[in-house]
There are 2 protein chains.
Amino acid sequence: MLTHSAVLKNAFHPAALLDQPVQSKPTSEPQADEESLDRWMQLVGSVTYYPRRVQIVHEDEAADRLYKVISGTVCTYKVLSDGRRQIGGFYLAGDIFGLESGEGHTLAAETITNAKVLVIRKSVLAALASRNTALTGHLLMLTARELAHVQERVLLLSSKSAQERVVGFLLEMSKRGTSSGNSVELPMSRQDIADYLGLTIETVSRTLWALENCGTIEISRRRRIRFRSRSTLVRLQQ
Amino acid sequence: MLTHSAVLKNAFHPAALLDQPVQSKPTSEPQADEESLDRWMQLVGSVTYYPRRVQIVHEDEAADRLYKVISGTVCTYKVLSDGRRQIGGFYLAGDIFGLESGEGHTLAAETITNAKVLVIRKSVLAALASRNTALTGHLLMLTARELAHVQERVLLLSSKSAQERVVGFLLEMSKRGTSSGNSVELPMSRQDIADYLGLTIETVSRTLWALENCGTIEISRRRRIRFRSRSTLVRLQQ
DNA sequence: CGTAACATTGAGGTCGGTCAACCCGCGTGG
DNA sequence: CCACGCGGGTTGACCGACCTCAATGTTACG
């Protein structure tokens, strides 16, 4: 079956999306095609610069756009009726958001830092997809990946203690993002982290301090986290 | 822009997926195509019958299959190292699971009731997708829909009280599932609900009782819930 | 009728939320 | 140079919602 998918992979694209490319290294995805998607997006999209802490998508806005973060950090969120804010996700350089097909329910989005964002109309992308079959396949792959990511997040959120959530968050950020070796630079505030994890800033703060206190991490300038013992973190995460 | 998408929609399929079909009624999706996808799946897939409480997908199993529930109820889940179980989602008749493109992380799946399930190899589906462009588009739509659904769940889970979660769950189940008018038949046990919402069975039980006690719902034979005041529920959900 | 699985109910402990005070770095302006 | 304010972060005291553990009740099914 693996060989089957490998054969198919060269014949046309969607196969590569539906079947995991087990034979390739985890970091090197089908690059050539990915680049072609990027080229298309850069061709039909328009680059916009946003300052930090600016709303770029309003809640309930028509979801006819796709956004690719070129640089900076963006988050999607929703404000509940009682004022609480829930962050749907953080999007770093290279990430794409706006993939969820509306059904009316749209998340708002705002910049966390200054950001350069590529904005693409879905309708234009759809027009391209009619001639370029691989394009739809790419979007499918990206959406499936995002789905897997969000499902992972559901697991993190639903049955875990504050410590497990914070540790899970740190590990997630170290996998993505500006992780030079064994440390992460967190672009978001404590409030953002709290709203992402469904905790309060006080709890986030206390938990981070507790982790530093037991020698697992090292915090410098509030936003920079160094891992002193990643194995301990992995264990704490469950 | 809306007119643009409307024009495109008839020219080819993916446009309809990427752009929300604003002009069509919410309940009536592109039916003809949806049926064609179903026909394909029934052609290349195989129907399997499972008794209740049987594991049909193991954790870390290769994710090369797609599953469509014909009848019955299935859930996906993950067992944590300390024995806690987290349910990823419930899938009722007509629902499809297995869309998330693995990346190694796979959820297990088991039947809650007796179930009839259509199993399709993704590689076969991918082969079909090469000749039938609309197919990939469909999968994209389904995946995007599932993504939106899971994101909704993240909001429900992360910052809500037990009552809000339970109410949210009841309302979700009444939208899908066997909701004859103003009541729902819950196929899953209290333990399942608890594992889905990240609560304990005791809390679920107490919350349901509290809702019945204040006249909002009516519980018969443990699994049947009648809504006496849906507006109150919507309000409680925030 | 008896058993086992499922569900409810109660009592008590704990984790994380709430509220409030304080700290710290930074920019502004005197 | 300091005073000041401001936003973000930390710390502490207290409290309540939810978890834990244990007993009891109910339903399904042989």
Side-chain angles (χ1 to χ4, degrees), chain A residues 51-54 73 75 80 82-87 110 112-113 156-169 185-213 217-225 236 238, chain B residues 51-54 73 75 80 82-86 110 112-114 156-169 185-213 217-225 236 238:
Chain A
R52 67 187 289 274
R53 294 292 162 191
V54 157
T73 305
C75 74
L80 303 179
D82 62 355
R84 287 174 304 184
R85 183 183 65 151
Q86 178 55 42
I87 287 192
E110 81 168 33
I112 296 211
T113 64
L156 184 74
L157 277 174
S158 45
S159 67
K160 299 218 164 190
S161 69
Q163 188 174 70
E164 290 168 316
R165 293 186 198 194
V166 171
V167 169
F169 169 73
E185 181 75 31
L186 299 177
M188 67 289 287
S189 72
R190 295 284 188 271
Q191 185 66 62
D192 294 328
I193 300 175
D195 290 346
Y196 181 67
L197 297 175
L199 300 169
T200 59
I201 53 173
E202 293 96 328
T203 301
V204 171
S205 190
R206 271 187 265 266
T207 307
L208 284 174
W209 175 85
L211 287 171
E212 164 152 71
N213 226 31
I217 63 173
E218 197 178 312
I219 308 173
S220 41
R221 285 177 23 266
R222 262 70 199 270
R223 299 288 182 92
R224 180 144 213 99
I225 311 278
L236 284 177
Q238 295 268 353
Chain B
R52 67 188 288 276
R53 293 292 162 191
V54 157
T73 306
C75 74
L80 303 179
D82 62 354
R84 286 174 306 183
R85 183 184 66 151
Q86 178 53 42
E110 80 168 35
I112 297 216
T113 65
N114 295 345
L156 184 74
L157 277 175
S158 45
S159 67
K160 300 217 166 191
S161 71
Q163 189 173 70
E164 290 167 317
R165 293 187 198 193
V166 170
V167 170
F169 169 74
E185 180 75 31
L186 299 178
M188 66 290 288
S189 71
R190 295 285 189 269
Q191 185 65 63
D192 294 329
I193 301 175
D195 291 346
Y196 181 67
L197 296 176
L199 301 170
T200 59
I201 53 173
E202 292 95 331
T203 302
V204 171
S205 190
R206 272 187 263 264
T207 306
L208 284 174
W209 175 84
L211 287 171
E212 165 151 69
N213 226 32
I217 63 172
E218 195 177 312
I219 308 174
S220 41
R221 284 178 23 268
R222 260 73 195 275
R223 300 289 182 91
R224 180 144 215 97
I225 311 277
L236 285 179
Q238 295 267 355

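When reading the values below, keep in mind they use all heavy atoms of this one structure, side chains included, and skip hydrogens, waters and symmetry mates. Numbered from 1 within each chain, the chains take letters A, B, ... in sequence-line order.
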Nearest whole angstrom, please: distance from the [atom2] of [N] to the [atom1] of [X].
X	N	atom1	atom2	result
Gln163(B)	dG16(D)	CD	P	17 Å
Arg221(B)	dA7(C)	CZ	P	13 Å
Lys160(A)	dC15(C)	NZ	P	17 Å
Asp82(A)	dG17(C)	CG	P	14 Å
Leu186(B)	dT27(D)	CG	P	16 Å
Leu199(B)	dT8(C)	CG	P	14 Å
Leu197(B)	dC19(D)	CG	C1'	15 Å
Glu212(B)	dA7(C)	CD	P	15 Å

Looking only at atom types and distance, does a side-chain atom of [X] sit under 3.5 Å from a main-chain N or O of [Y], one as donor and one as acceptor?
X	Y	value
Asp195(A)	Asp192(A)	no
Ser205(B)	Ile201(B)	no
Asn114(B)	Arg52(B)	yes

Test: Arg53(A) and Glu110(A) ion pair at under 4.0 Å:
yes

Which residues satisfy the side-chain hydrogen bond (donor to acceptor under 3.5 Å, both in side chains) test with Arg84(B), sequence neighbours excluded?
Glu164(A), Asp82(B)

What pairs with Tyr196(B) under ring pair (Phe, Tyr, Trp, His ring centres under 6.0 Å), at least two apart in sequence or on another chain?
Phe90(B), Phe169(B)

Contact string for nucleotides 8-14 of chain D, one letter per nucleotide 5' to 3', B = base within protein heavy-atom range under 4.0 Å, S = sugar-phosphate only, - = neither, reads SSSBBB-

